[in-house]
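Bear in mind that the values here come from a model prediction, so they are computed numbers and not experimental data.
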Amino acid sequence: MPINHRNFEIWTVLSFLLFVFSTALAQEPVFPSEEGMRAAFQLRARYAMTPNITYLQASGVDLKLDLYQRIDTDKPMPTLIFIHGGGWIGLNKEYSIGAFMPWVMMGWNVVNVEYRMAHVALAPAAVEDCLCALRWVAQHAKDKHFDLSRLVIAGESAGGHLALTTGLIRESAGLDRECPGVPLPHVAAVVSWFGVGDMEKLLHQDNLPPGRDDAIAWFGSMPDREAMAHRVSPIHYVRKDGPAVFLIAGNEDPILDFHQSVDMDAALKKVGEPSELMIIDHGLHGHFTPDQQITIYSKLRAFLKSNHVEVQP
């Protein structure tokens with residue numbers, strides 16, 4: 001059988017990450033522990049990774065996703081849709097491999113999504129794309145063994161914003177028309193890592209560091225920029241029957257005012273929707289320490305369990 005070099009390269013990265021994790025945990029500075037090597041080999045036996053599946057064609061480009069699928073069972077499995085950050089203008093899905101590795105290690109299917117950047121299409125294109133990725137998951141639930149009753153969407157920064165819009169926006173908003181098909185599935189939970197809840201406020205945030213006017217670039221010079229910002233603001237889609245939402249933010253974030261997450265949490269609690277906010281003391285725009293990450297995932301797992309989302313099958 002010919003070698004899929006793309007697949008091999010990504011599995012090499014995954015194995016390396018597992019080695020690094022096990023080395024850090026075992027405090028062995030030179031070579032990963034036997035336990036870490038075993039975990040890497042078990043991962044390869046447990047998962048099939050299919051890169052660059054086209055889920056949508058829009059603006060003259062093929063939009064891709066990577067699928068990390070459990071192959072040791074034919075039962076429907078809890079599934080994470082992960083959306084990378086980059087300010088709606090940069091980075092890529094490959095950048096996020098380390099960010100969703102804990103979900104792979106917990107035994108979840110993972111769908112890692114790319115979307116149109118601002119230089120390809122302005123807002124609301126990225127929101128439309130992620131909703132289409134959600135629909136792709138629904139369309140392939142049977143053959144890919146996705147359990148739609150245990151569906152979580154997560155993302156970092158711009159990806160946190162897109163995770164919130166993907167989980168909260170209803171079909172009636174008309175932002176899923178690039179990909180008509182089966183109804184959008186109900187999302188059990190959303191995990192927003194330092195994501196934006198109110199795009200209108202971000203447009204007017206006056207303490208952005210030099211060169212970080214990403215939101216302005218995403219809206220470009222469209223004359224109805226304020227109206228569009230309102231349309232793609234997750235805070236305006238908060239509702240009682242929406243997903244449970246877990247929010248993480250650093251209180252010293254130099255890029256995004258952490259009160260975006262505070263306000264989002266307050267809006268969710270106001271309508272009685274399950275929500276939990278973790279403010280990381282001295283936390284920046286991500287780059288949390290290993291100890292902070294462990295604490296976050298411990299609380300996240302408890303939150304998901306309390307909202308009847310299975311964490312480890």
Side-chain angles (χ1 to χ4, degrees), residues 14 42-51 53-56 64-84 93 96-97 99-115 129-155 159-160 162-171 176 179 181-193 239-246 273-276 296-313:
L14 287 175
Q42 287 175 341
L43 179 66
R44 292 196 68 179
R46 197 179 196 190
Y47 277 88
M49 189 279 181
T50 307
I53 300 170
T54 298
Y55 73 90
L56 179 68
K64 311 283 189 177
L65 57 80
D66 298 334
L67 172 61
Y68 299 74
Q69 183 184 355
R70 288 280 298 274
I71 57 174
D72 59 341
T73 178
D74 57 3
K75 295 180 180 179
M77 300 302 295
T79 299
L80 174 78
I81 297 175
F82 192 86
I83 307 170
H84 70 84
K93 57 184 171 58
S96 299
I97 289 176
F100 59 76
M101 272 300 294
W103 298 84
V104 173
M105 297 174 74
M106 288 190 294
W108 284 52
N109 291 326
V110 175
V111 179
N112 187 26
V113 177
E114 74 175 6
Y115 50 90
D129 298 345
C130 293
L131 287 168
C132 288
L134 175 62
R135 176 161 281 140
W136 183 92
V137 168
Q139 289 170 331
H140 291 274
K142 186 174 182 180
D143 61 293
K144 303 300 185 185
H145 307 304
F146 301 141
D147 185 346
L148 298 184
S149 70
R150 295 179 290 172
L151 187 60
V152 174
I153 305 177
L162 293 171
L164 288 165
T165 56
T166 306
L168 291 171
I169 289 179
R170 296 178 182 268
E171 286 186 59
D176 63 325
C179 53
V182 301
L184 293 175
H186 176 77
V187 174
V190 172
V191 183
S192 171
W193 296 78
R239 62 186 192 277
K240 180 65 179 72
D241 61 345
V245 177
F246 192 87
E273 191 65 0
S275 175
E276 184 168 336
I296 290 168
Y297 269 95
S298 177
K299 291 191 177 182
L300 172 57
R301 287 165 63 100
F303 176 78
L304 292 175
K305 184 177 180 180
S306 70
N307 285 282
H308 313 291
V309 182
E310 184 177 350
V311 176
Q312 187 164 359

Taking the side chain from Arg70 and the backbone from Gly107, do they hold a donor-acceptor pair closer than 3.5 Å? yes

Heavy-atom pair with the smallest gap, counting every atom of Leu134 and Thr166: CD2-O, 3.7 Å

With a 3.5 Å distance limit and no angle check, can you tell me whether Arg46 reaches the backbone of Asp72 through a side-chain donor-acceptor pair? no

Nearest non-hydrogen partners of Leu151 and Leu148, listed with the distance: CB-O, 3.9 Å

With a 4.5 Å heavy-atom cut-off, do Ile53 and Leu67 have their side chains touching? yes

Parallel, tilted or perpendicular: ring planes of Trp193 versus Tyr297, cut at 30 and 60 degrees: tilted

Supply the atom-to-atom distance Met105 CE to Gln42 CD, rounded to the nearest 0.5 angstrom. 10.5 Å

Where Ser96 and His84 come nearest, the two heavy atoms and their spacing: OG-CB, 2.9 Å

Least distance between heavy atoms, Leu43 atom then Met101 atom: CD2-CE, 4.4 Å

Would you say that Ile81 contacts Trp136 through its side chain, given a criterion of any heavy-atom pair below 4.5 Å between the two side chains? no

Looking at CZ of Phe82 and CH2 of Trp108, how far apart are the two atoms once the value is rounded to the nearest 0.5 Å? 13.5 Å

What's the spacing between Leu80 CG and Tyr68 OH if we round to 0.5 Å? 11.5 Å

Measure the spacing between CG of Leu65 and CG of Leu56 and express it to the nearest 0.5 Å. 10.0 Å

Distance-minimising heavy-atom pair for Leu300 and Trp103: CD2-CZ2, 3.7 Å

For the side chain of Tyr55 and the backbone of Glu114, is there at least one donor-acceptor N/O pair under 3.5 Å apart? yes

Looking at His308, I want to see if its NE2 is surrounded by more than 12 non-hydrogen atoms of other residues, nucleotides or ligands under 6.0 Å. no

Report the distance from atom CD1 of Ile97 to atom CG of Asp66, rounding to the nearest 0.5 Å. 7.5 Å

Side chain to side chain contact (heavy atoms under 4.5 Å, CB included) between Asn109 and Phe146, worked out: CA-CA 7 Å; Asn109 291 326; Phe146 301 141; 3.8 Å; yes

Less than 4.5 Å apart, side chain to side chain, heavy atoms only: is that true for Arg170 and Asp241? yes

Where the side chain of Asn112 meets the backbone of Lys93, is there a donor-acceptor pair that is under 3.5 Å apart? yes

Inter-residue atom distance Cys130.SG - Asp176.CG, 0.5 Å rounding: 13.0 Å

Can you name the closest pair of heavy atoms from Ala188 and Ser149 and give their distance? CB-O, 4.0 Å

Is the backbone N or O of Pro183 less than 3.5 Å from a side-chain atom of Glu171, with the two atoms forming a donor-acceptor pair by type? no

Donor-acceptor pair, His145 side chain versus Met77 backbone, under 3.5 Å? no

